[in-house]
There are 2 protein chains.
Amino acid sequence: MDTADRTPTSVPGGGRRRPRTGTRAQTASMADVARLAGVSSQTVSRVSNGYAGVTDETRQQVLAAMKELGYRPNSAARALKRGEFRTIGVITFSLSTTGNVRTLEAIANSAAHEGYAVTLLPVAVPTQDEVRGAFSRLEELAVDAVIVIMEVHLLDAATIALPPHVQVVVVDSDAGDRYTVVDTDQAGGSRAAVRHLLDLGHTTVWHLGGPDGSFAAQRRADAWHAALVEAGRTPPPLVRGDWSAESGYRAGLDLAGHQDCTAVFAANDQMALGLLRALNERGRRVPEDVSVIGFDDIPEAGSFLPPLTTLHQDFAEVGRLCVENVLRKMRIGGGERGTTLVPTRLVVRESTAPPPART
Amino acid sequence: MDTADRTPTSVPGGGRRRPRTGTRAQTASMADVARLAGVSSQTVSRVSNGYAGVTDETRQQVLAAMKELGYRPNSAARALKRGEFRTIGVITFSLSTTGNVRTLEAIANSAAHEGYAVTLLPVAVPTQDEVRGAFSRLEELAVDAVIVIMEVHLLDAATIALPPHVQVVVVDSDAGDRYTVVDTDQAGGSRAAVRHLLDLGHTTVWHLGGPDGSFAAQRRADAWHAALVEAGRTPPPLVRGDWSAESGYRAGLDLAGHQDCTAVFAANDQMALGLLRALNERGRRVPEDVSVIGFDDIPEAGSFLPPLTTLHQDFAEVGRLCVENVLRKMRIGGGERGTTLVPTRLVVRESTAPPPART
DNA sequence: AAGGCAGATGTTTACGTAAACATCGCGGCG
DNA sequence: CGCCGCGATGTTTACGTAAACATCTGCCTT
């Protein structure tokens with residue numbers, strides 16, 4: 001029953017065709033294009049997908065018809081037919097940390113390169129409820145795979161209702177035994193930081209760590225501690241911040257009071273920034289009196305006062321590996337596990353120097 | 001023809017059902033749930049969508065069956081049927097600027113709140129080809145609306161092939177006559193910056209502007225110029241950076257040479273950071289010798305040396321308005337135009353002070 | 001010259017969902 | 001007592017695409 005054989009006037013209300021409930025206005029379908037081009041819709045499909053076996057002449061006609069009607073394939077129908085969405089979901093906490101953002105960006109770029117779109121699932125507040133909410137939204141979402149930029153204990157806390165058969169890759173975590181994990185080599189970087197300062201002649205190295213409950217912070221602190229012990233040094237007490245520059249400032253005011261503190265390894269560049277301010281305020285010169293080293297190498301690090309020696313994280317590589325891993329897992333359908341570590345690189349600038357001569 | 005009346009052994013190859021080409025494993029469909037619950041698939045649909053008119057008993061049976069089979073609705077089929085994806089596409093340049101990231105984050109949160117997902121369309125390099133590429137990817141994408149975080153001249157440069165009937169909202173642009181635009185009140189903020197410095201007693205204000213070709217930079221520079229002229233002051237020559245701290249440093253080395261320069265308005269906080277470093281290096285004290293004001297109020301601004309006076313941008317509000325506008329446009333199907341400006345707020349910290357007494 | 005084969009195109013069908021319409025049973029009311 | 005109406009549920013159909021299969025044309029091979 002074709003609508004064409006009904007006279008238009010028989011439908012006074014008008015617009016009877018395509019009684020969409022949605023908000024999108026009518027668009028041309030393959031059938032429309034086929035009708036205009038005088039071919040079957042299957043031929044339109046072939047042209048649309050660039051298949052061989054279509055005469056150049058026919059192809060031109062179809063393309064012309066497509067253009068005239070402004071045809072664009074309906075991706076919902078496509079996804080339904082093909083059984084895949086060509087979309088990767090990325091679930092992450094607030095994009096307030098440099099690392100998450102850079103990783104996300106790299107993921108988006110890599111995904112685009114592979115022909116995949118990226119759907120962003122933000123979790124406003126890192127509470128269990130919020131995380132669970134994001135995952136339940138995810139359940140209804142049109143994604144073929146998921147990349148989680150989140151510490152795994154929060155992942156665990158939420159009774160995860162991950163859609164079955166959707167592959168997951170996790171960043172920033174140490175759960176390689178349960179998930180596929182991609183992460184920066186936090187331990188290696190931290191050891192390099194400590195070694196750099198010891199090599200300069202410092203007796204020991206203080207650590208301005210990240211917040212309690214953060215695995216990244218934990219691993220950096222552990223590695224710092226281990227590196228000192230291995231070198232036969234006594235680790236000073238751990239000082240904690242919350243990643244923010246402000247917390248680094250507060251911790252710095254405290255550290256400035258310790259005259260025996262000549263070298264500080266801050267767990268990220270923002271806290272190092274606050275630390276620099278506190279030391280400056282208290283008249284402790286960097287690097288003459290105190291050496292400071294950061295972690296991340298944010299773009300601004302080279303413009304701190306003084307320019308910050310820090311450990312460069314290759315977030316682009318992390319993001320790329322996430323996409324690569326998750327797509328491979330999709331293809332082999334695989335419960336692959338294990339952790340891929342991306343090395344850091346020490347960037348020496350002007351905030352580290354040998355300790356002041358003993359007086 | 002139901003598959004149920006064919007004996008399983010008649011298909012030796014196995015797996016004949018669901019010969020998916022895609023990568024997703026088989027999931028239960030409504031029909032499967034219906035069969036198990038002993039109802040029709042339409043009843044399953046009603047339960048799935050929370051419609052009334054289903055006995056509580058039936059509902060429970062269906063829910064049990066759903067749970068047993070791990071049913072989750074197929075969003076592709078849903079989108080196809082409903083004619084909408086409940087997804088907003090966000091197209092943006094590299095997420096290296098604070099503003100873009102914060103705006104994106106706010107968009108994602110607002111969209112989630114409205115039940116919409118956000119698909120990210122990154123444009124690696126701001127060349128015409130890249131932008132065009134992103135838009136052509138967009139064409140095939142399952143989105144109901146698009147938010148563009150990009151300067152409009154790049155939008156124009158790309159021969160935009162926006163899907164018809166997909167609503168667009170643009171951020172960071174002055175094309176209110178052609179698009180729906182949401183932006184920070186760049187001009188108002190810049191005037192406030194200049195006024196703040198003049199009120200402190202400075203004779204004039206220098207401007208460390210953003211790169212040539214950026215509308216945001218242009219508008220900030222124009223407003224700076226206009227505010228000075230209105231106040232009867234002579235605008236010094238414009239100095240340009242490229243938004244990076246490094247460029248601010250380079251420009252700062254130059255500015256430090258001008259002894260008559262007592263106040264600088266930097267077009268963003270990163271450049272202000274570089275400027276602070278340059279001034280410090282050249283022995284020009286901030287704020288005693290030179291006052292510096294930034295723009296953006298990035299989280300670290302309060303930890304600069306000295307803490308930076310700057311103009312706070314409310315990116316969260318910008319993002320929220322983007323979503324609100326684009327959804328409204330979708331609903332009214334509307335070619336609405338015009339610009340919505342979000343005001344800035346002056347945050348006075350310690351980098352500005354009255355000029356040094358004339359000697 | 002006949003058979004066949006390959007390439008071009010058309011036809012059928014299914015993907016999973018949900019609107020529209022059909023049916024069924026039961027209680028209330030005239 | 002019978003009919004109407006309504007609530008609960010089932011059946012049909014369409015959304016747009018693309019795989020699988022069917023058909024048709026014409027040229028090449030023997």
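In what follows, every chain begins at residue 1, and chains take the letters A, B, ... in the order their sequences are listed.
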**Item:** Atom-pair distance (CG on Leu80(B); P on dA19(C)), nearest Å
**Value:** 13 Å
**Message:** For Ala77(B) and Val39(B), find the nucleotide of DNA chain D closest to each by heavy atoms; which residue's nucleotide sits nearer the 5' end?
**Reply:** Val39(B)
**Prompt:** Does any non-hydrogen side-chain atom of Leu104(B) lie less than 4.5 Å from one of Leu95(A)?
**Reply:** yes
**Request:** Could you tell me which non-hydrogen atom of Ala108(B) sits nearest to which non-hydrogen atom of Val118(B), and how far apart they are?
**Result:** CA-CG2, 3.8 Å
**Fill in**
In whole angstroms, the gap separating P of dG16(C) from CE of Met30(B) amounts to 12 Å
**Prompt:** Under the side chain to side chain contact (heavy atoms under 4.5 Å, CB included) test, which residues partner Gln60(A), sequence neighbours left out?
**Reply:** Asp56(A), Leu63(A)
**Prompt:** Listed by chain and number, what are the side-chain hydrogen bond (donor to acceptor under 3.5 Å, both in side chains) partners of Ser75(A), not counting sequence neighbours?
**Reply:** none
Pairs under 3.5 angstrom, nitrogen or oxygen only, protein versus nucleotides 4-6 of chain C, please.
none

**Item:** Residues which pass salt bridge (charged side-chain N to carboxylate O under 4.0 Å, His left out) with Arg337(A), listed by chain and number, not counting sequence neighbours
**Value:** none
**Prompt:** With side chains defined as the heavy atoms from C-beta onward, is the minimum distance between Thr340(B) and Val181(B) less than 4.5 Å?
**Reply:** no
**Asked** With a 3.5 Å cut-off and no angle check, do the side chains of Thr119(A) and Thr87(A) form a donor-acceptor pair?
**Response** no
**Prompt:** So do Asp144(B) and Tyr116(B) actually touch side chain to side chain, heavy atoms under 4.5 Å?
**Reply:** yes
**Complete:** Arg35(B) atom CZ is separated from dG10(D) atom C1', nearest whole Å, by 15 Å
**Fill in**
Per-helix bend value, the helix from dA1(C)-dT30(D) to dG30(C)-dC1(D), C1' rotation axes over five pairs per end, 10° rounding, shows 50°
For nucleotides 24-28 of chain D, print each protein N/O atom paired with a nucleotide N/O atom at under 3.5 Å, atom names and distance only.
none

**Message:** Any base atoms under 4.0 Å from Thr43(A), or only sugar-phosphate, or nothing? Heavy atoms, all strands.
**Reply:** sugar-phosphate
**Distance below 4.0 Å between Ser41(B) side-chain N/O and dG16(C) OP1 or OP2** = no
**Message:** Ignoring hydrogens, what is the shortest heavy-atom contact between Phe85(B) and Val143(B)? Give both atom names and the distance.
**Reply:** CD1-N, 3.7 Å
Cut-off 3.5 Å, no hydrogens considered: what does the side-chain donor-acceptor table look like for residues 37-54 of chain A, sequence neighbours left out?
{"residue": "Ser40(A)", "atom": "OG", "partner": "Gln42(A)", "partner atom": "N", "Å": "3.4"}
{"residue": "Ser40(A)", "atom": "OG", "partner": "Thr43(A)", "partner atom": "N", "Å": "3.4"}
{"residue": "Ser40(A)", "atom": "OG", "partner": "Thr43(A)", "partner atom": "OG1", "Å": "3.4"}
{"residue": "Ser48(A)", "atom": "OG", "partner": "Arg78(A)", "partner atom": "NH2", "Å": "3.0"}
{"residue": "Asn49(A)", "atom": "OD1", "partner": "Arg78(A)", "partner atom": "NH2", "Å": "3.1"}
{"residue": "Asn49(A)", "atom": "ND2", "partner": "Ser45(A)", "partner atom": "O", "Å": "3.2"}

**Message:** My understanding is that only residues two or more places apart in sequence, or in another chain, count here; which of them pass salt bridge (charged side-chain N to carboxylate O under 4.0 Å, His left out) with Glu114(B)?
**Reply:** none
**Prompt:** So, the side chain of Arg86(A) versus the backbone of Gly115(A): is there a donor-acceptor pair under 3.5 Å, distance only?
**Reply:** yes
**Fill in**
Atom CD of Glu84(A) and atom P of dA18(D) are separated, to the nearest Å, by 12 Å
**Prompt:** Just how far, in rounded Å, is P of dG16(D) from CG of Asp32(A)?
**Reply:** 8 Å
**Message:** Using side-chain heavy atoms (C-beta onward) and a distance below 4.5 Å, is Ile147(B) in contact with Val323(B)?
**Reply:** yes
**Request:** Would you mind telling me which of Val171(B), Val318(B), Val170(B), Val182(B) makes a side-chain contact (heavy atoms from CB on, under 4.5 Å) with Ile149(B)?
**Result:** Val171(B)
What N/O pairs connect the protein and nucleotides 23-28 of chain C at under 3.5 Å? Give each pair on its own line.
none

**Request:** Check the distance between dA18(C)'s C1' and Lys81(B)'s NZ and give it to me in whole angstrom.
**Result:** 5 Å
**Prompt:** Asn74(A) CG to dA18(D) C1': how many Å, rounded?
**Reply:** 13 Å
**Prompt:** Who are the salt bridge (charged side-chain N to carboxylate O under 4.0 Å, His left out) partners of Arg328(A), not counting sequence neighbours?
**Reply:** Glu336(A)
**Prompt:** Hey, which of these two, Arg46(B) or Pro73(B), hits DNA chain C nearer its 5' end, going by closest nucleotide?
**Reply:** Pro73(B)
**Message:** From the set dT11(C), dA18(D), dG10(D), return the single nucleotide nearest to any side-chain atom of Ser45(A).
**Reply:** dA18(D)
**Complete:** When rounded to whole Å, the OH to C1' distance for the pair Tyr71(B) and dG16(C) reads 8 Å
**Prompt:** Phosphate oxygens OP1/OP2 of dC15(C): is one of them under 4.0 Å from a side-chain N or O of Arg82(A)?
**Reply:** no
**Message:** Contact between Thr180(A) and Lys329(A) at the side-chain level, heavy atoms closer than 4.5 Å - yes or no?
**Reply:** yes
**Any residue meeting salt bridge (charged side-chain N to carboxylate O under 4.0 Å, His left out) with Glu324(B), in chain and number order, not counting sequence neighbours** = Arg320(B)
**Request:** Return the residues of residues 48-67 of chain A meeting this criterion: a heavy atom under 4.0 Å from some atom of DNA chain C. Order them by number, or give none.
**Result:** Gly53(A), Val54(A), Thr55(A), Thr58(A)
